[in-house]
Amino acid sequence: MSTNIDKEVEAGPQEPQIEKKMSKAMKLTLLVINCTMLALGNTGGPLLLRLYFVRGGKQKWLTSWLQTGGWPLVLVPLHISYINRRRKEGDSAKAILITPRLFAICAGIGILTGLDDYMYAYGSSYLPVSTSSILISSQLVFNALFALFLVRHKFTPYSINAVILLTIGAVVLGVRSGGDRPRNESNFQYYLGFFMTIGAAALYGLVLPLLELTYMKTKQAITYALVMEMQMVLSFFATAFCTIGMLVNNDFKVIPQEASEYRLGEATYYLVLVASAVLWQFFFLGMVGVVSSSSSLHAGVLISVLIPVSEILAVFFFTEKFNAEKGIALVLSLWGFTSYFYGEVKKYRKEKRLAEIELREQQEMEG
């Protein structure tokens, strides 16, 4: 994964403009922190979401809301960041970095994220984690397609191979995965959850390139403080979208009754909700941090690489079936990710080598 985030926009369409004062060690540290948060949220979030449903929870809009409802947590690091800016810049330090135009763009992406949250929660209510995790990995296919048109990421033989493999994996699950259908669930519900999860993957495959395009087009330095502000705005509007859904569906009135009837107890019910909100906020904050530090494709690859972890945890905690079809789909997915990632690394090294040659030629001409 590239950590070369100190280049200027002119160096390539994939590189966002980053504040030059930040040291390479700090950039690497922030990238590691973001990857860690993304990993925790990407593995823990789906497990808690499924735990809510299998132990008696039924509210899809509530679980959609939880995926971004932890946005106030971002206020803590934002406040610390502002204190540091005040210490360095004095009274000239801005309390709010995001511009009105950037605010509006993030609000629009936030509404799309809210819709994506609902589709994912709907699918997760009917599908085992081991199935939904493999299906959601197809976001890399949609990510590649949308990145081609939005940020001009070119297809390579490796990315084409990855797209084909991931598509085949999803088809294998769709044709032969009925054997893992949970009890008391109809075929219609199972396949509705199946296609809602695919839809969520497609929509999220659009959101990531949109974020990268936003970083590329903005006319201000992309600092980590600005990334956190953008994430907070995005999550706020996604939460507002889901709040409207909760109000229409009367979810707020149902929560106390659902908590009292929850199979693991009322206290555990609220603990699951709070932990879900925290872990999902880790995921989104880590995701936008990785996109700002490298690219949407790298974020997509990292999300997908964590699938085996989710698979193992789902089988361990929920004793889910892991049949031959899931095994084939998982192998195809991992093969696709490896191909995609190898192609990106090879492409990055080639571009770096060409840039070094060009730099040497310029120095020789000036000399």
Side-chain angles (χ1 to χ4, degrees), residues 5 9 13-19 30 33-34 37-38 41 45 64-82 85 94-120 139 142-143 146-147 149-151 200 202-245 277-278 280-300 303:
I5 59 176
V9 175
Q14 292 88 359
E15 300 291 344
Q17 183 182 2
I18 304 293
E19 193 177 54
L30 287 175
I33 291 173
N34 284 317
M37 288 194 297
L38 191 153
S64 306
W65 188 94
L66 291 173
Q67 293 177 53
T68 51
W71 64 265
L73 295 172
V74 184
L75 290 171
V76 176
L78 275 177
H79 181 65
I80 295 173
S81 176
Y82 174 65
R85 291 202 305 275
K94 293 183 179 179
I96 300 175
L97 300 176
I98 193 169
T99 61
R101 178 176 178 274
L102 196 55
F103 181 94
I105 293 173
C106 290
I109 297 176
I111 294 172
L112 285 178
T113 302
L115 176 59
D116 180 73
D117 291 343
Y118 177 74
M119 295 175 71
Y120 177 69
Q139 59 87 21
F142 299 105
N143 192 340
F146 287 122
F149 296 106
L150 293 176
V151 291
L203 189 53
Y204 201 65
L206 171 63
V207 167
L208 288 175
L210 282 176
L211 276 173
E212 186 176 358
L213 181 64
T214 302
Y215 292 137
M216 289 167 53
K217 296 297 184 180
T218 186
K219 297 180 180 179
Q220 63 185 114
I222 303 296
T223 62
Y224 192 61
L226 178 60
V227 169
M228 288 191 291
E229 287 186 12
M230 291 172 65
Q231 166 57 21
M232 188 173 70
V233 173
L234 188 153
S235 293
F236 174 82
F237 279 91
T239 305
F241 177 86
C242 294
T243 300
I244 294 173
V278 173
W280 280 116
Q281 196 58 40
F282 276 7
F283 168 78
F284 282 108
L285 187 58
M287 179 270 295
V288 295
V290 171
V291 173
S292 70
S293 299
S294 51
S295 73
S296 62
L297 292 178
H298 289 152
I303 292 170

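The structure displayed is predicted, hence computed values, not measured ones.
For T218 (side chain) and T214 (main-chain N/O), no donor-acceptor pair under 3.5 Å exists by modelled atom type. Judged by distance alone, with hydrogens and angles left aside, the side-chain atoms of Q281 form no donor-acceptor pair with the main-chain N or O of L73 at under 3.5 Å. At distances below 3.5 Å, at least one donor-acceptor pair connects side-chain atoms of T243 with backbone N or O atoms of T239.
Between A225 and S81, the shortest heavy-atom contact is CB-OG, 3.3 Å. When all heavy atoms are compared, the tightest approach of A107 to V233 is N-CG1, 4.1 Å. The minimum heavy-atom distance linking A95 with Y82 is given by the pair CA-CE1, 3.4 Å. Annotation for G114 and C242: closest pair O-SG, 3.8 Å, computed over non-hydrogen atoms.
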Apply side-chain contact (heavy atoms from CB on, under 4.5 Å) to L115 and M119, showing your working.
CA-CA 6 Å; L115 176 59; M119 295 175 71; 4.3 Å; yes

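Taking the six-membered ring for Trp and the full ring otherwise, F237 and F103 have centroids separated by under 6.0 Å.
Here the CH2-CG distance, from W71 to L234, works out to 12.5 Å after rounding to the nearest 0.5 Å. Atom OG1 of T99 is separated from atom CG of L102 by 4.5 Å, given to the nearest 0.5 angstrom. Within the model, atoms CE of M228 and CD1 of I80 stand 8.5 Å from one another, a figure rounded to the nearest 0.5 Å. Residue L210 holds its CG atom at 9.0 Å from OG1 of T113, rounded to the nearest 0.5 Å. Rounded to the nearest 0.5 Å, atoms CG (L211) and CD1 (I105) are 10.5 Å apart. Taking SG of C106 as the reference point, atom CZ of R101 lies at 10.5 Å (rounded to 0.5 Å).
Around atom CZ of F282, no more than 12 heavy atoms belonging to other residues, nucleotides or ligands sit under 6.0 Å away. I111 CD1: more than 12 foreign heavy atoms inside a 6.0 Å radius.
Considering only heavy atoms from C-beta on, V207 stays 4.5 Å or farther from D116 through its side chain. In this structure, the side chains of I98 and M232 stay at 4.5 Å or more apart for every pair of heavy atoms. Under the 4.5 Å side-chain criterion, counting only non-hydrogen atoms from C-beta, V227 is not in contact with Q231.
Of the residues listed (F283, W280, Y204), the one engaging Y120 in a ring pair (Phe, Tyr, Trp, His ring centres under 6.0 Å) is W280, and it is the only one.
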